[in-house]
K.L.:
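I have a structure I would like to understand better, so I am pasting it below and will then ask my questions one at a time.
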Amino acid sequence: MPASIDAMPVSTDSTADMLSHSSVAGPVVKFDDGMRIEGFLAAQVSAQPDRTAVTSRDGALSYRELDRRANQLARGLQENGVARGDLVAVAVERSLEMLVSIVAVLKAGAAYVPVDLSYPAARIQYILDDCAAKVVLARPGSIPPGPGATTVIDPFSPASYSDDHSALGQDLDSGDLAYVIYTSGSTGKPKGVMVEHRAVVNRLLWMQRAYPLGSDDVILQKTPIAFDVSGWELFWWLIPGASVHLLEPGGEKDPDAIASTIASRHVTTLHFVPSMLHVFLDYLEATSDRLDQMSSLWQVFTSGEALTTHQVRRFHSALGPSAPALVNLYGPTEAAIDVTHHACSDREPALVPLGRPIDNIRLYVLNQDLSPVQPGGTGELCIAGVGLARGYIRRPELTRERFIDHPFPGESRIYRTGDLARLLPDGTFEYLGRNDDQVKIRGVRIELGEIESALRDHAGVTAAVAIARRTSEAENLLYGYVVGPAPVALTALREHLCRVLPPVAVPSHLMQLDQLPLTANGKLDRAALPEPAPAEPSTSRKQQRPWAELVIGKAWAKVLGVQVHDIKATDNFYDLGGTSIGMVRVATELGGLLTLRDLMERSEFGLIVQELERRQVLQRQIV
């Protein structure tokens, strides 16, 4: 159930006096209000053009090379009709071409709309249709064909680049849109958040001021660009003239790939969603030799979910006295990535707060009527300042509902986050949950209403509800419940969900009920929704299983909480309640016998067993 907001007590204090007890302003820091993101690149091209800017498994680019290639592609975009203020979709896997594409879009005066290629075709098509992108940067055939006349340009093809690599010389503005990022929507359709250059520039400059990088630093870019955390990974390093390494596609799910890259590329700075940080710490503890290879790492940022005290303690314990700095960040997509920060220097914290506001940001804790709560009271966290988004694309009513103009004297505009918080005596904010049905799954915002809408769209389902439950590993798992007049084939239901929802939004557990539980006053009783019954120990399969079955079975059993002897060859890891993070844990349990890629490509138990047996045969032949 959503948490509640404290009732506002009767008070004779003025609104201004009450606000002083329920709000905190970040430092007021002047910055070049006309600066755009690509301006940071231009400064480095002038200062150190031949210094390495970006590396990947496929090569590297200097600042000059990155600038010239982006100029060439930007001119190619303009030749295809892209003009200032247009939207250009970027549906490119993590690569040099991905970064060149993003910078080129900005240089052309347009805003980029990142598209995650792991999304179902229907969701990709919805995003492209909704944003009305004039051009899509993508490999031919990588996105679904749509009904519109959108032009597809291949950033991997030399033909897409103009011969002219000189600067474009446009008169652009920091109030122009930088990007439109789509997040989950309660109506069943995602919504696009429009963010301007000015907001992003303020956020990047704050980060450089608060946690400064030097020119020798290396950021690991591993967050998919459809999530706003990627923004600081993509652009922060430009300010000090540092460099960025682009992790191989899919590597963000693989602790071994992350650890190997930190060691080989001398990565100093990176980001984790807390649930993935938990898995990475599991990996480091299981492979102690990797700890010595983390010496280049000196700061780790987390955001996307609530960071727990247990995770902070594990971080310091696993990495020891010389552990990198750990910083907790918080912020919605609607406010340019992050709005608060907290350095987790305490090795045994009693609480991990959201922290204090960043530069030029103001935070308020308000009641439902936007009046200030009593000192120390619980209320909705509202944001004001330079970082606010312009609003939601083509959603004026929702924009007016969430972005409030002139909420009270002295403030021109606030964003209502839906997050519940309270202001602590030390000036930091404590996160207390949501006032609606939005949840975070592995750092991704999910509206439960979107899942419920997809469940109800399946044939034979007359009613549906979705909930999230927290596991002992500090990970939220999604559960979907359906009601229908006849038995619903849950495998077919899962296949339907996979066609319309992003992978992270597909429930780990699906159950059919005779009816949804109700409270005494007839409302849905979410607390009474049952958990899947644990599997009863089987007597029919207790006989000794082959070695490979036993090894894989033990790993599955530990991660899924099932009985080894009840796992059948046809069982699918995800149908048994597994998640992508759970699969990472299986890989860790196997200790290198199979790679994460091996497991991701074969989610059926029997197929994984066959692959392990095949590997063992090959190994014996080599020996």
Side-chain angles (χ1 to χ4, degrees), residues 54 56-61 65-83 86-165 168 179-182 190 192 221-227 230 234 246-253 393 498-503 597 600-601:
V54 53
S56 79
R57 65 179 180 179
D58 297 320
L61 293 173
E65 291 168 332
L66 173 61
D67 185 62
R68 287 183 173 181
R69 289 188 64 180
N71 287 340
Q72 290 174 296
L73 185 56
R75 291 185 181 278
L77 291 172
Q78 290 180 334
E79 291 167 4
N80 280 275
V82 173
D86 286 338
L87 301 183
V88 175
V90 177
V92 184
E93 67 270 24
R94 192 180 302 114
S95 58
L96 296 176
E97 287 75 12
M98 179 200 76
L99 184 58
V100 169
S101 295
I102 291 172
V103 177
V105 171
L106 301 179
K107 282 175 171 282
Y112 72 95
V113 183
V115 176
D116 192 327
L117 291 171
S118 71
Y119 286 169
R123 191 178 187 88
I124 292 176
Q125 191 59 58
Y126 174 84
I127 292 173
L128 296 180
D129 292 343
D130 187 64
C131 74
K134 180 165 288 188
V135 165
V136 180
L137 286 161
R139 290 183 189 270
S142 65
I143 59 172
T150 300
T151 301
V152 177
I153 295 178
D154 180 6
F156 295 89
S157 171
S160 301
Y161 294 76
S162 167
D163 293 333
D164 185 355
H165 58 65
L168 278 71
Y179 57 75
V180 176
I181 285 183
Y182 277 77
Q221 202 288 302
K222 67 183 186 68
T223 304
I225 60 172
F227 306 111
S230 65
L234 290 168
L246 307 176
L247 187 63
E248 63 186 71
E252 70 277 5
K253 301 173 184 177
I393 189 168
C498 290
R499 288 193 294 269
V500 296
L501 294 174
R597 188 180 299 276
M600 290 292 190
E601 291 175 351

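Note that the coordinates shown come from a computational prediction; the quantities given were computed from them, not determined experimentally.
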K.L.:
Looking at side-chain heavy atoms only, is the closest gap between Leu61 and Leu99 below 4.5 Å?
P.N.:
no
K.L.:
Checking Arg94 side chain against Leu246 main chain: does a donor-acceptor pair fall under 3.5 Å?
P.N.:
no
K.L.:
Just how far is it from atom CG of Leu137 to atom OG of Ser142, taken to the nearest 0.5 Å?
P.N.:
10.5 Å
K.L.:
Between the main-chain N or O of Asp154 and the side-chain N or O of Ser157, is there a donor-acceptor pair closer than 3.5 Å?
P.N.:
no
K.L.:
Taking only residues two or more places apart in sequence or in another chain, which ones pass salt bridge (charged side-chain N to carboxylate O under 4.0 Å, His left out) with Glu79?
P.N.:
none
K.L.:
Give a yes or no on whether the backbone of Gly250 and the side-chain of Glu252 come within a donor-acceptor separation of less than 3.5 Å.
P.N.:
yes
K.L.:
Which distance, rounded to the nearest 0.5 Å, do you find between the CZ of Arg123 and the CG of Leu501?
P.N.:
6.5 Å
K.L.:
Could you pull out the closest heavy-atom pair between Val82 and Ala110, with the gap in Å?
P.N.:
CG1-CB, 3.8 Å
K.L.:
Please tell me if the side chains of Ser101 and Leu73 come closer than 4.5 Å, counting only heavy atoms from C-beta onward.
P.N.:
yes
K.L.:
Show the nearest heavy-atom pair for residues Pro249 and Arg57, with the distance to one decimal.
P.N.:
CD-NH2, 3.8 Å
K.L.:
Just how far is it from atom CD1 of Ile124 to atom CG of Asp129, taken to the nearest 0.5 Å?
P.N.:
12.0 Å
K.L.:
Tell me every residue that passes salt bridge (charged side-chain N to carboxylate O under 4.0 Å, His left out) with Lys107, counting only those two or more places apart in sequence or in another chain.
P.N.:
Asp67
K.L.:
How many angstroms lie between atom CD1 of Ile225 and atom CG of Leu117, to the nearest 0.5 angstrom?
P.N.:
8.5 Å
K.L.:
Any idea which heavy atoms bring Ala70 and Ala104 closest together, and the distance?
P.N.:
O-CB, 3.4 Å
K.L.:
With sequence neighbours excluded, give me every ring pair (Phe, Tyr, Trp, His ring centres under 6.0 Å) pair touching residues 91-112.
P.N.:
Tyr112-Tyr179
K.L.:
Working to the nearest 0.5 Å, report the span between CG of Leu128 and CG of Leu87.
P.N.:
11.0 Å
K.L.:
If only side-chain N and O atoms count, and only distance matters, is there a donor-acceptor pair under 3.5 Å linking Asp164 with Ser162?
P.N.:
no
K.L.:
Search all heavy atoms of Leu168 against all heavy atoms of Ala108 and return the closest pair with its distance.
P.N.:
CD2-CA, 4.3 Å
K.L.:
Could you report the tightest heavy-atom contact between Gly76 and Asn80, atom names first, then the distance?
P.N.:
O-ND2, 2.9 Å
K.L.:
Within the side chain of Arg499, is there an N or O that forms a donor-acceptor pair under 3.5 Å with the backbone of Ala122?
P.N.:
no
K.L.:
Would you say that Tyr182 contacts Val113 through its side chain, given a criterion of any heavy-atom pair below 4.5 Å between the two side chains?
P.N.:
yes
K.L.:
Within the distance-only criterion (no hydrogens, no angle test), does the side chain of Ser95 pair as donor or acceptor with the backbone N or O of Glu93 below 3.5 angstrom?
P.N.:
yes
K.L.:
What closest approach, in Å, do Pro155 and Tyr161 show between heavy atoms, and which atom pair accounts for it?
P.N.:
O-OH, 2.7 Å
K.L.:
To the nearest 0.5 Å, what is the distance between CD on Gln221 and OG on Ser56?
P.N.:
11.5 Å
